[in-house]
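Remarks on the structure that follows.
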Amino acid sequence: MAFDQDQGNMPRMPAVKDHRTVPPLGMTGEQFKDAATSCAADIEQYFASLPSRPVLPSVSPGYLRKILPDAAPEHGEAWSDIERDIERAIMPGITHWQSPKFAAFFPASTTYPSMLGEFFSSAISSPAFNWQCSPVITELETVVLDWMANMLALPQTFLSKGQGGGVIQLSASDTIVTVMVAARERYIRRQLEREGVTDSDAIEDRSCEIRSRLVAVGSEQSHSSTKKAAIVAGTRHRSITTHRSNEYAMTGEDLRQKIEELHAKGLHPYYLTVTLGTTNTCAVDDFDSIATVAKDFPDIWIHCDAAYAGSALILPEYQHFSRQMAFVDSFNMNMHKWMLVNFDASLLYVQKRRDLTDTLSITPAYLRNQFSDSGLVTDYRDWQIPLGRRFRSLKVWFVIRTLGVRGLQAQIQHGIDLGNLFADLIRSRNDLFSIVAEPRFALTVFTVNPLRKHPPQLENNASNGTDPRPYQDSHVAMDPATNDQEIEEANEITKAVYETIDQEKEVFLTSTALGGVYAIRVVNANPLAEEKYVREIFDLLVRTAKHVLEGVNSSGVNGVGHD
């Protein structure tokens, strides 16, 4: 064995032989440039072809396994072969959320500058669990979140220059879990302080006792993630009834009644979801009356879920809602719905960041560093449940800089204008359709009228609607939830119209149920939506409704269609 003279008697280690047959980054630089150019062309062509593609796929479950090999390739394949499989294997299974004929759920928008942000983010690929990992990832996020808070006219207490600040989470559901856990622990800390409990074992025991009596609260129109988060947090969940007479908005009166009811049972509400734009109808809770009640119960963490409609706050005419946010502890809106940033980019703002960090900050020795220990930097891992995080702020930065405030405002206004147009079209055919809740934020919810003189009337009772927010819930049609003959007839007809359109797959709508009334939802906030597509969807609804009504009238099934 050879010895290295510089190292005395230390043996010289043999050189490591590189057996790799593929370049370290999977391609050479030139191959990557060619592939990236080709991908960009394919993506541009995909967007150009969207209007001609059926929105919904026609595949059956398990389709992909039948056309892919049983095992991974033994040797690497050429990019040209892989690229061809995008259209052959991937596109047949895609629901085209970017299609101008996608009017379901809420939009999941993207734009070219957002894609470029993802491009660079994936190249950098830093887990960014603390400032030192890549300082710019933390600092850009702080800057753009403050930009957005100002653009949305949120109270200054949500800015990073004070005690609050913003952080990018995965989704509104992750946000609610995060703040609910923080709310639970804040309530417990305050109660322990009031009781003067200081012994470590006593703190643990008493914390468990307190936790067992805690209740998370939201209205029946709150997103299902509130209930799911309560399961994760290990606490109870209770719903507050909403009414047609209040446009399905939660009121302070209903909230106070529920709190007092829970207190009478020895239970302690610690968390409340209020909503700006519910999924069913885009209802807005009565913030003023709720804020009055909140003053009497300061230990309840109040979170505003504005996942979709929060984007509208960029328009001055909606910023009266922003000013009402001073009473909430946290606020969330998803840029990946209506604000032209691709999934995921859910913005969470808190008035007091210590409410998060006091619960979520754990620093083992391997994460200690002089910058974090100095207290001069933000470590966003302490604002969320996961440790690592992606460079999401880059795509937000790209989108804001490319469109500017005015461009983003114009995009949101365009969706609202199209929504108003569609609502007016539905009203113009009140012989066929009835709107069941005030159209808001580009959403219209309506039923199809059976052939009779009077359109169906909604019962003035509690809503038991489903919640078709994407990423969690399906768009399965709802069965009628009432025995009232007139509403049953309307439900049967509306369901038949919806399912006929759904099966044709040319456009994508969703359905819901409100107070036992089956309804169709149409959202006109897709970035590529245009007036001609709104009119096409309306014309399709008219043709389908007429066809279904004619068929029912001729058959007289179950008496539907008879006066």
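Both backbone and side-chain heavy atoms feed into the values below; hydrogens, waters and symmetry mates do not.
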Atom pair [atom1]/[atom2] of [X] and [Y] - distance to nearest 0.5 Å:
X      : Y      : atom1 : atom2 : answer
Met148 : Met333 : CE    : CE    : 4.5 Å
Ile416 : Arg440 : CD1   : CZ    : 12.5 Å
Ser322 : Phe158 : OG    : CZ    : 10.0 Å

Q: Take Tyr187 and Trp301 through the test ring pair (Phe, Tyr, Trp, His ring centres under 6.0 Å) and record every step on the way to the result.
A: CA-CA 8 Å; Tyr187 186 98; Trp301 181 303; over 10 Å; no
Q: Please list, chain by chain and in numerical order, all residues satisfying side chain to side chain donor-acceptor pair (under 3.5 Å) with Arg189, sequence neighbours excluded.
A: Thr359
**Q.** Lys295: side chain to side chain donor-acceptor pair (under 3.5 Å) partners, not counting sequence neighbours
**A.** none
Do the side chain of [X] and the main chain of [Y] share a donor and acceptor less than 3.5 angstrom apart?
X      : Y      : value
Asp199 : Asp201 : yes
Ser114 : Asn342 : yes
Arg184 : Thr235 : no
Ser212 : Glu209 : yes
Arg381 : Asn130 : no
Ser219 : Ser222 : yes

The criterion is side chain to side chain contact (heavy atoms under 4.5 Å, CB included); which residues satisfy it with [X], sequence neighbours excluded?
X      : result
Arg236 : Arg213, Val215, Arg238, Leu267
Pro135 : Trp131
Ser289 : Thr251, Asp286
Ser160 : Thr142, Asp146

Scan side-chain atoms only and decide if [X] and [Y] contain a donor-acceptor pair under the 3.5 Å cut-off.
X      : Y      : value
Asp174 : Ser171 : yes
Ser239 : Glu220 : no
Thr241 : Asp254 : no

Q: In sequence, state the C-alpha distance, the side-chain angles, and the governing distance for Thr226 and Thr273, and then conclude on side chain to side chain donor-acceptor pair (under 3.5 Å).
A: CA-CA 7 Å; Thr226 295; Thr273 293; 2.9 Å; yes
Q: Go through the steps for Thr275 and Asp305 under the test side chain to side chain donor-acceptor pair (under 3.5 Å), then give the verdict.
A: CA-CA 5 Å; Thr275 308; Asp305 178 6; 5.0 Å; no
Does the pair [X]/[Y] count as a salt bridge with the N-to-O cut at 4.0 Å?
X      : Y      : result
Glu185 : Arg190 : no
Arg353 : Asp382 : no
Lys258 : Glu261 : yes

Test ring pair (Phe, Tyr, Trp, His ring centres under 6.0 Å) applied to [X] - qualifying residues, sequence neighbours left out:
X      : answer
Tyr112 : Phe47
Tyr380 : Trp383
Phe120 : none
His263 : Phe297

Q) Centres of the Trp97 and Phe105 rings: under 6.0 Å? A) yes
Q) Please walk me through it: do Arg186 and Asp329 pass salt bridge (charged side-chain N to carboxylate O under 4.0 Å, His left out)? A) CA-CA 12 Å; Arg186 188 183 75 172; Asp329 294 275; 3.1 Å; yes
Q) Can you check whether Ser99 reaches Asn526 side chain to side chain, under 4.5 Å on heavy atoms? A) no
Which donor-acceptor pairs under 3.5 Å do side chains of residues 407-415 form with protein atoms, sequence neighbours excluded?
residue : atom : partner : partner atom : Å
Gln409  : NE2  : Ile314  : O            : 3.0
Gln413  : NE2  : Asp417  : OD1          : 2.9
His414  : NE2  : Ala529  : O            : 3.0

Q) Which pairs pass salt bridge (charged side-chain N to carboxylate O under 4.0 Å, His left out) with one or both residues in residues 122-138, sequence neighbours excluded? A) none
(Q) Consider side chain to side chain contact (heavy atoms under 4.5 Å, CB included). Of Leu170, Leu347, Leu140, Val144, which one does Arg392 pass it with? (A) Leu170
